[in-house]
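None of these values were measured; they are calculated from a predicted model. One is the number of the first residue; the rest follow in order along the sequence.
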Amino acid sequence: MEQGELILRLYGLFQGLFVSIDSLYSLAYALTNSKSFININQNPELRQLKYIRNDVVGHPANRVYNNLEIGYCLLPKENIKADSFSYYIYSQKELKTKDVNILTILDNYYLEANNLLNNILSVTNKLNNSSDLTLITSKIYDSFLNNQKYLLEIKHLKKRYLEIYSNSNKYQHRLLWRIDLIERLSQIKTNDTFEKEIYQYAIMFEIIKLHELACKIENKDIILLSNKLPVPKLLKGYYKMLNNNQNLIDTANNLHDMTHPLFQNSLEKCFSTAIDRKLKDANSYLSIISNYNMLNNSDMVYAIGILAKQYKKR
C-alpha cells in the first residue's frame with residue numbers, strides 16, 4: 001500500500017471512529033434522556049482516541065495555553081503502518097513517543113459498541129419501572145456528612161440499581177463506576193491526617209456526582225448538593241500554588257487522566273514548581289497522584305486528580 005493511501009486511510013478511520021462514538025452517545029441520550037448509561041471513556045484504549053483524533057488528525061494542529069506555551073503532536077508519515085503508527089508529543093522542549101495499535105482500538109470499539117447497544121435495549125425496556133435512586137443517594141449524602149454508616153446505603157444503591165438494570169458492570173454504567181470509586185476510596189488506610197482529608201473529600205465529591213447521575217437517570221431536576229467538607233490542607237496548598245503561578249492553571253485540567261498526552265508533562269511542571277518554591281502541601285497532593293500513576297491505577301488517579309480541576313481562578 002502506498003504511503004499516501006495509508007495516511008488517507010488513517011485520517012478517515014479516526015475521524016470515522018470519533019463520529020461513531022459520538023453517535024453512540026447521541027443514541028443513548030435520545031433513547032434514555034441521559035448519558036448515564038454510557039461510559040465508553042472508561043475503556044483505556046478508546047479514551048485515548050479523542051486525544052489522538054484532536055491532537056494528531058484533528059484541528060487545530062497545536063494548542064496554545066494560558067502562558068502562551070504551544071504544545072502539539074507530530075505524526076511522521078514513515079511512522080504509519082497498515083496496523084499501527086506512532087506519533088510524537090511535544091511540549092515545553094520535551095519530546096515523547098506514543099505507539100498506537102490500530103487493531104486493538106478497533107477491537108475495543110467493537111466490544112464497547114455492542115455492549116452499549118445491548119445495555120440500551122435492556123434499559124429502555126425498564127425505563128417505566130419505578131425508581132428510588134435519588135432518595136437513596138440523598139440518604140448517602142446525609143449519612144456521610146453525619147458520620148453514619150453511609151457504606152450500607154452505598155450497597156443498597158448498588159443492589160437497587162442492579163435490580164432495575166441487570167447485566168450491568170461498572171465500566172458500562174457511570175453510576176456503578178462511581179460506586180466502585182467510593183468503595184475503593186473508603187478502603188484506603190493511611191496514618192497521615194492530611195491524606196485522610198483528601199480521601200474523605202474525594203468520597204464526598206463522588207457522592208455528589210452519584211446524586212446528579214441518579215437525578216438524570218430518573219429524569220428529575222438536579223438538586224445541587226455542595227461539598228460541605230472543608231477544602232483539605234494539601235489541596236488548598238495546590239490551589240494556592242496555582243493562584244501564585246498562573247502559567248500552571250491549565251495543568252489542573254490534565255491531572256485526572258493518565259491517557260491525556262500532557263498528563264505527565266503537567267504533573268512534572270507542577271512538581272518542579274512545588275519543589276523549587278518549597279511548597280510542601282502542593283508537593284504532597286501531587287505525590288498522591290504520582291504514586292497512583294506509578295501503580296498504573298487510572299481510577300485512583302482520576303479520583304484524586306479530578307479535585308485539581310475544581311480549582312477556581314482568583
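Side chains of N79 and S86: a donor-acceptor N/O pair is present below 3.5 angstrom, by distance only. A side-chain N or O of T259 and one of D257 form a donor-acceptor pair less than 3.5 Å apart. A donor-acceptor pair shorter than 3.5 Å can be found between the side chains of N297 and R184. Side-chain polar atoms of E153 and S143 form no donor-acceptor pair below 3.5 angstrom. Side chain to side chain, Q264 and N293 meet the donor-acceptor criterion of an N or O pair below 3.5 Å.
Ring-plane geometry between Y302 and W177 is classed as tilted, the angle between the planes lying from 30 to 60 degrees on a 0 to 90 degree scale. Ring-plane geometry between Y199 and Y292 is classed as perpendicular, the angle between the planes exceeding 60 degrees on a 0 to 90 degree scale with a lower cut at 30.
Hydrophobic clustering of Ile, Leu, Val, Met, Phe, Trp and Tyr side chains at less than 4.5 Å, counting indirect connections, keeps L152 apart from L162. By the rule that hydrophobic residues join a cluster once side-chain heavy atoms approach within less than 4.5 Å of another member, L295 and I304 end up as members of one cluster. Under a hydrophobic-cluster definition in which Ile, Leu, Val, Met, Phe, Trp and Tyr are linked whenever side-chain heavy atoms come within less than 4.5 Å, directly or via other members, Y109 and L27 are assigned to the same cluster.
Under a cutoff of 6.0 Å and an axis angle of 45°, K98 and Y87 do not form a cation-pi pair.
Partner of R178 under the salt bridge (Lys or Arg N to Asp or Glu O under 4.0 Å) criterion, chosen from E183, E206, E212: E206. When each of L248, L242, N243 is tested with N245 by the rule side-chain contact (heavy atoms from CB on, under 4.5 Å), just one qualifies, namely L248.
Under the 4.5 Å side-chain criterion, counting only non-hydrogen atoms from C-beta, L13 is in contact with L106. Side-chain contact between Y238 and D281 is absent, with no heavy-atom pair separated by less than 4.5 Å. A 4.5 Å side-chain heavy-atom check between L181 and M300 finds at least one atom pair inside the cut-off. With contacts defined as side-chain heavy-atom distances shorter than 4.5 Å, the pair L133/I217 qualifies. Between F144 and L229 the shortest side-chain heavy-atom distance falls below 4.5 Å. Side chains of I154 and I136 form no contact here, defined as non-hydrogen atoms less than 4.5 Å apart. The shortest side-chain heavy-atom distance between I188 and L185 falls under the 4.5 Å cut-off.
One finds the CE atom of M241 at 9.5 Å from the CZ atom of R277 (value rounded to the nearest 0.5 Å). With rounding to the nearest 0.5 Å, the separation of CG in L75 from CD1 in I80 is 4.0 Å. Rounding to the nearest 0.5 Å gives a distance of 11.0 Å between CG of L262 and CD of E268.
Look at R160 and D132 and you find a salt bridge, because one of the NZ, NE, NH1 or NH2 atoms lies within 4.0 Å of a carboxylate O, short of that distance.
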